[in-house]
2 protein chains.
Amino acid sequence: MAGNTPLELEKFLPYRLSVLSNTVSQAIAREYEDRFQLSITEWRVVAVLGRYDGLSAREVAERTAMDKVAVSRAVAELMKDGRVRRATADHDKRQSVLSLTAKGRKVYNEVAPLALQHEQRLLAHLDVEEQLWLGRIIEKLLLAEKALGVDRP
Amino acid sequence: MAGNTPLELEKFLPYRLSVLSNTVSQAIAREYEDRFQLSITEWRVVAVLGRYDGLSAREVAERTAMDKVAVSRAVAELMKDGRVRRATADHDKRQSVLSLTAKGRKVYNEVAPLALQHEQRLLAHLDVEEQLWLGRIIEKLLLAEKALGVDRP
DNA sequence: CCGTTATAGTTTCAACTGAAACCATTTGCA
DNA sequence: TGCAAATGGTTTCAGTTGAAACTATAACGG
């Protein structure tokens, strides 16, 4: 059973996903990193706050799939730039309440269309049927992987 | 045209690809990092050398989609562990000729089936039709992104 | 030939990253 | 109540990363 299918990196799903994901993310990142002084992690934070104002850091972490350290640092940076404002939750003084400043909202309003546009240009290469399959398949694989990875050390 | 589709991170293709790719890669990495003292970059180098012996560092970089710095470091580490051997090309003394040692080949023979098995368990959640679509779509998207990203600074 | 330019690979530097330790606050429960 | 455990968030530390500079060799054009 060992030498059955030889491992061909170019055909190996995890590898292909990684290459695709990196290629796409980096292409988009290039479009705004220089122009807006915005790292990819900062952008993710701005993106969720633009849509859901007043989240706590933990909620931002959940919605961005970043860990809390990364969120903490992105928020610190964004606050330094005056793009995010932090208050303390009334009902729980440990929690923060994060929101975009006017400056932060302006960035969001400029970058979001750029990102969506890039996505559209990409999806334009797929027909509608393919787009539907893609969405479903990503969802399935993610669930599958999570199922495989339950209770592991 | 600006506020048309609001950017919803959870539905944004680049974001979803990134989450999926990281989840899958990290799950597989966990299966061999501890057991074999093998990082993900080292594993990639071993994987291509296991299949194509005698590549140069640049060729390894091409086949693994890693940059030359990463390859250089992975190779250095693998040589320290006695898993990879480096010679100098006869026809061009700048180039290296890399190959697995017996020890390296042993690692390859153990890890490759593990990786393939994980991939199979994952793909088992998709029916054959979905698997075919997935392959085609990844290929298309990668080409599309490369096409978008031609001549950029 | 010889100097310029290109290529293979390594090293350096600064930024980024995550795990673990940490502090503050809240929750659960004896 | 009061105290142990849990939670939100930050800081520290050590390892990883990529861009740019560097070394060595080769290719090319005059």
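Numbers restart at 1 for each chain; the letters A, B, ... are given by sequence-line order, proteins then strands. This structure is a prediction, so every number in the text was calculated from the model and none was measured.
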| Between A:D67 (CG) and C:dC16 (P), how many Å, whole number? | 15 Å
| Over 12 foreign heavy atoms within 6.0 Å of CG, A:D34 | no
| message | If I take atom CG in residue A:N22 and atom P in nucleotide D:dT16, what distance separates them, rounded to the nearest angstrom? | response | 18 Å
| task | Take atom CD of A:E62 and atom C1' of D:dG9, then tell me their distance rounded to the nearest Å. | result | 14 Å
| A:Q95 side chain: which of D:dG9, D:dG18, C:dG9 is closest? | D:dG9
| query | Which nucleotide sits closest to the side chain of B:D92: C:dG9, C:dT25, D:dA26? | reply | D:dA26
| said: Using OP1 and OP2 only, check whether a side-chain N or O of B:R86 sits under 4.0 Å from C:dA8. | reply: no
| How do A:T41 and A:K93 order along DNA chain C: which one's closest nucleotide is nearer the 5' end? | A:T41
| request: Inspect the contact between A:R136 and A:E139 and indicate whether a charged nitrogen and a carboxylate oxygen are less than 4.0 angstrom apart. | output: no
| message | Taking any heavy-atom pair under 4.0 Å as a contact, classify B:S56: base, sugar-phosphate, or nothing. | response | sugar-phosphate
| query | Is A:R63 positioned over the aromatic face of A:Y52, cation under 6.0 angstrom from the ring centre and no more than 45 degrees off axis? | reply | yes
| message | Is there a side-chain contact between B:S72 and the phosphate of C:dG9, meaning an N or O under 4.0 Å from OP1 or OP2? | response | no
| Contact class for A:K68 (heavy atom, under 4.0 Å): base, sugar-phosphate, or nothing? | base
| Rounded to the nearest Å, what distance is computed from the CD1 atom of residue A:I40 to the C1' atom of nucleotide D:dT17? | 14 Å
| Rounded distance in Å - CZ (A:R58) to C1' (D:dT10) | 16 Å
| query | C:dG18 base to A:R73 side chain: any donor-acceptor pair below 3.5 Å? | reply | yes
| task | Rounded to the nearest angstrom, tell me the gap between atom CE in A:M66 and atom P in C:dA19. | result | 14 Å
| said: Let's test your reading of the model: under 3.5 Å, does the base of C:dT26 pair with the side chain of A:R94 as donor and acceptor? | reply: no
| task | Let me know, please, whether A:H91 or B:V97 comes out on the 5' side of the other along DNA chain C by nearest nucleotide. | result | B:V97
| request: Please test B:R44 against B:M66 for side chain to side chain contact (heavy atoms under 4.5 Å, CB included), starting from the C-alpha separation and ending with a verdict. | output: CA-CA 9 Å; B:R44 284 191 178 177; B:M66 293 161 59; 4.0 Å; yes
| query | In terms of ring plane angle, is the pair B:W43 and B:Y108 parallel, tilted or perpendicular, where the classes change at 30° and 60°? | reply | parallel
